[in-house]
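Below is one structure, written out as structure tokens; comments come after it.
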Amino acid sequence: MLLFLTGAGISRESGLATFRGADGLWEKERIEDIATREALRRDPERVYRFYDARRKDLLNPEVAPNPAHYALARLQEEGKEEMVLVTQNIDDLHERAGSEDVLHMHGELLKARCTRCGALSPQKTELSTRNVCPVCAARGALRPHVVLFNEEPVHMEEIFYALSRCRVFIAIGTSGNVYPAAGFVAEARSRGAHTLELNLEPSLSAGLFTEGRYGLASKIVPAFVQDLLTGQVS
């Protein structure tokens, strides 16, 4: 089984800002103000405005999947081996490219979650404390379906099950400093998996990978997928 983990680097070429790095979103905003449970309790409208802006960016007509997203969707459709796709990204670019059953471990920007009933609902407009849950009708209970700092990522049981079974673990566009995702390579290696990093440059975890290929995701990911489909790598 092939297990892919994608990070912000795969979506950067689609026109989305990353959260980390010299020009990242966390350089412009204090994490404590807009990305923690405490911030959500203290000033929910500010948190909503931050993610409303991210949602607006994502829905910009100029933002679209790039060749790396399409290559993974192609592999999922044409490949002969089971494939699991995990992403740290909260965008929907994998799905727009055609990928199915993507495990969004940090949530999804185009969904809201009700803090009363737990239901998820589509969210493409601005979110505020005045919104009503479409399932239980609670007012003011909706929040972005995004994992904040000091919250547990989602789908972790499924992800660790995949890590225990994968033959090859491939990380694409990840920084290697965000846990628990940064620890996946060590977990996969401990289970005997071949580990491969596809990144713009070596990540902080590069030394843990068996192999690394470096360059723009839109170039190296399609090339890697083509090698897999034609049997040039196994």
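Every heavy atom of this structure was used, including side-chain atoms; hydrogens, water molecules and symmetry mates were not.
At a cut-off of 3.5 Å, with distance as the only test, a side-chain donor of T87 or T6 sits close to an acceptor on the other residue.
Using modelled atom types, one side-chain atom of S164 and one backbone atom of Y161 make a donor-acceptor pair closer than 3.5 Å. A donor-acceptor pair under 3.5 Å links the side-chain atoms of E13 to the main chain of S218, judged by distance alone. Between the side chain of R143 and the backbone N or O of V146 there is at least one donor-acceptor pair closer than 3.5 Å. Side-chain atoms of S14 never come within 3.5 Å of backbone atoms of V63 as a donor-acceptor pair (strictly under, hydrogens ignored). The backbone N or O of L16 sits nowhere less than 3.5 Å from a side-chain atom of S11 that would complete a donor-acceptor pair. Between the S190 side chain and the E187 main chain, a donor and an acceptor come within less than 3.5 Å of each other. With hydrogens and angles disregarded, no donor-acceptor distance shorter than 3.5 Å links the side chain of S99 to the backbone of E95. With hydrogens and angles disregarded, a donor-acceptor distance shorter than 3.5 Å links the side chain of R55 to the backbone of T125.
Between R130 and R139, the shortest heavy-atom contact is O-NH1, 2.8 Å. Residue F209 comes nearest to S203 through the heavy atom pair CE1-OG, 4.4 Å, listed as atom of the first residue, atom of the second, then distance. Nearest heavy atom pair, residue A71 against residue V225, reads O-CG1, 3.5 Å.
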Evaluate ring pair (Phe, Tyr, Trp, His ring centres under 6.0 Å) for F184 paired with F160, printing each intermediate quantity in order. CA-CA 8 Å; F184 290 172; F160 275 104; 5.8 Å; yes
From CA spacing to verdict: salt bridge (Lys or Arg N to Asp or Glu O under 4.0 Å), E81, R167: CA-CA 10 Å; E81 188 169 1; R167 182 181 66 83; 2.9 Å; yes
Tell me, with the steps shown, if T210 and T195 meet side chain to side chain donor-acceptor pair (under 3.5 Å). CA-CA 5 Å; T210 313; T195 56; 3.0 Å; yes
The test is salt bridge (Lys or Arg N to Asp or Glu O under 4.0 Å); show your working for E77 and R74 and say whether it passes. CA-CA 5 Å; E77 181 179 358; R74 178 190 174 201; over 6 Å; no
Yes or no on salt bridge (Lys or Arg N to Asp or Glu O under 4.0 Å) for D52 and R49, after CA distance, side-chain angles and deciding distance? CA-CA 5 Å; D52 284 344; R49 285 196 300 273; over 6 Å; no
Chi angles and distances behind the side chain to side chain donor-acceptor pair (under 3.5 Å) call for N150, E38: CA-CA 10 Å; N150 58 31; E38 291 74 20; 3.2 Å; yes
Between E45 and T129, is a side chain to side chain donor-acceptor pair (under 3.5 Å) present by the stated rule, with each step listed? CA-CA 7 Å; E45 295 290 354; T129 55; 2.8 Å; yes
Tell me, with the steps shown, if H145 and Q123 meet side chain to side chain donor-acceptor pair (under 3.5 Å). CA-CA 9 Å; H145 180 48; Q123 186 68 41; over 6 Å; no
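Evaluation of the ring-ring contact (aromatic ring centres under 6.0 Å, His included) rule for Y214 yields no partner, not counting sequence neighbours.
With a 4.5 Å cut-off on side-chain heavy atoms, P180 and M156 count as touching. Put simply, the side chain of P222 reaches to within 4.5 Å of the side chain of P67, judged on heavy atoms. The closest side-chain heavy-atom distance from Q88 to T174 is below 4.5 Å. Side-chain atoms of I159 and V84, non-hydrogen and from C-beta on, never get closer than 4.5 Å to each other. You'll find the side chain of L148 reaches within 4.5 Å of the side chain of E151, heavy atoms only. I170 places none of its side-chain heavy atoms less than 4.5 Å from the side chain of L5.
Using a cutoff of 4.0 Å between basic side-chain nitrogens and carboxylate oxygens, R213 and D227 are scored as salt-bridged.
With hydrophobic clusters built from ILVMFWY side chains whose heavy atoms lie under 4.5 angstrom apart, I10 does not share a cluster with M105. L58 is connected to L127 through a chain of hydrophobic side-chain contacts under 4.5 Å among Ile, Leu, Val, Met, Phe, Trp and Tyr, so both are in one cluster. No chain of hydrophobic side-chain contacts below 4.5 Å, direct or via other Ile, Leu, Val, Met, Phe, Trp or Tyr residues, connects F149 to V154.
The local environment of CD in E78 is crowded, with over 12 non-hydrogen atoms from other residues, nucleotides or ligands closer than 6.0 Å.
R46 forms no cation-pi arrangement with Y48, by the criterion of a distance under 6.0 Å to the ring centre and an angle within 45° of the ring axis.
Ring geometry for H94 against H69 counts as perpendicular: the plane angle is over 60°, on a 0 to 90° scale with 30° as the lower cut.
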